[in-house]
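Right, one structure below, let's go through it.
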Amino acid sequence: MELLGLGIVMVGFFVGFGLLIGILFGFFGMGGSFLVTPALLVVGYPAPVAVGSGLAFVFGTSVIGVLRHRDHGQVSYVLAALMILGMTFGIEVGTSVVFLLTDLGSADVVIGVVYVGLLGAVGLFVRRDARTGGSDERSGQLATGVQAIAFPPLVSLPGGATVSVWVILLAGLGIGVLSGFLGVGGGFLLLPIMVYAFGVPTAIAAGTSILQIMVSGAFGTFVYAQSNAVEIPVVAALLVGSALGARIGVSATQLVNEADIKGYFAGMLLAGGVATACKQVSGVYGVETLETVSAVLLFGTAVLVSGAIVRTSIATLRKDRERGSLQTY
């Protein structure tokens, strides 16, 4: 039996995966393609299709999340507009590189290696900061150094920082190149840059990230769709699940403290990096067991972190209610 052109089991898998990613997306401000694209590669889709479908999912799920974050006042429109401007040019460059590598027959390997390196590096950095409670001097030095580049015009950002417009545009350009190359909305890079380099509070960085991802995802989807590199049935199934998950994730940002958000974020990135590495090693050496390990890591980590987010949020709500009850006496 088929639904949306997919077997019923695959439809169930993608809907469930979309639900989990929706929670993570609303919570972290990432479109989820940093997991979707590797997952599609693991399932067996070609690299351009995995990248294009990841961007299409980014666009659809971002529309849902940005509306929710806007309701909580967690969006900086000025910062988002500047980053989007830089990212738009970068995506075109990154997309061209993917199709060039595809013609050379090396797209899968190169994209996988870059994924592993970026996810691992960013994940370790954020993990270190979460464990030190944001007191790591090197984390603070990064923001100080960026804010010291005072080429006018300057823009004031939430959290009290003042950053050069040119620095923001350059950061957006770099993330745009990676977004078009890896098929990600850039959220796993946008969040750390806004928090650690620009000094923006984590919750506002998440909401602003989603707004940028929505625009870059729309542009990237259009570019890949022109080459028929978007698997519509897969994207539709993922979006069905993410519609509910995103609402849960956004609400959770109001209940979980900043250190926990960073810790969960780091765990997701590191797991994604290991899963992609297993996939690449399996492809080179033909070790089928690593294919299974890769799939389990991707789906299992999404389940564990989503569950932890929901559990922590519920525990916070219970504590607040208990305090409210005690105050009435």
Side-chain angles (χ1 to χ4, degrees), residues 1-26 30-67 87-88 91-92 94-99 101-103 107-108 111-112 115 176 178-188 210-247 249 272 276 279 295 298-299 302:
M1 180 179 177
E2 290 191 353
L3 184 64
L4 299 175
L6 298 171
I8 193 66
V9 174
M10 291 303 296
V11 170
F13 169 78
F14 284 124
V15 170
F17 199 44
L19 172 66
L20 299 175
I21 291 177
I23 294 174
L24 300 173
F25 147 76
M30 299 181 297
S33 56
F34 80 104
L35 286 175
V36 172
T37 301
L40 293 180
L41 289 172
V42 168
V43 172
Y45 287 96
V49 175
V51 172
S53 299
L55 284 170
F57 173 73
V58 161
F59 170 65
T61 197
S62 295
V63 173
I64 303 166
V66 75
L67 294 175
M87 289 175 67
T88 300
I91 287 173
E92 189 69 40
T95 301
S96 299
V97 173
V98 170
F99 286 110
L101 290 173
T102 300
D103 292 338
D108 289 358
I111 289 174
Y115 250 116
L178 291 171
S179 178
F181 179 67
L182 299 176
V184 298
F188 77 94
I210 293 175
L211 178 58
Q212 297 165 67
I213 289 168
M214 182 182 72
V215 177
S216 64
F219 181 74
T221 300
F222 173 74
V223 172
Y224 276 90
Q226 289 181 313
S227 301
N228 296 316
V230 176
E231 191 70 22
I232 299 298
V234 171
V235 176
L238 287 167
L239 288 175
V240 168
S242 71
L244 173 61
R247 296 177 66 87
T276 306
K279 169 66 177 177
L298 284 173
F299 192 73

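All values reported here derive from a predicted model rather than from experimental measurement.
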Next item on the list: Over all heavy atoms of both residues, which pair between Val230 and Ala56 is shortest? Give the atoms and the distance, please.
Entry: CG1-CB, 3.8 Å
Check: Looking at Val240, Val235, Val234, which hits side-chain contact (heavy atoms from CB on, under 4.5 Å) with Leu238?
Finding: Val234
Notebook entry, point to check: Where do Phe99 and Pro48 come nearest, in terms of heavy atoms and distance?
Noted result: CE2-CB, 4.2 Å
Next item on the list: Compare every heavy atom of Thr95 with every heavy atom of Val223, then report the nearest pair and how far apart it is.
Entry: CG1-CG2, 3.3 Å
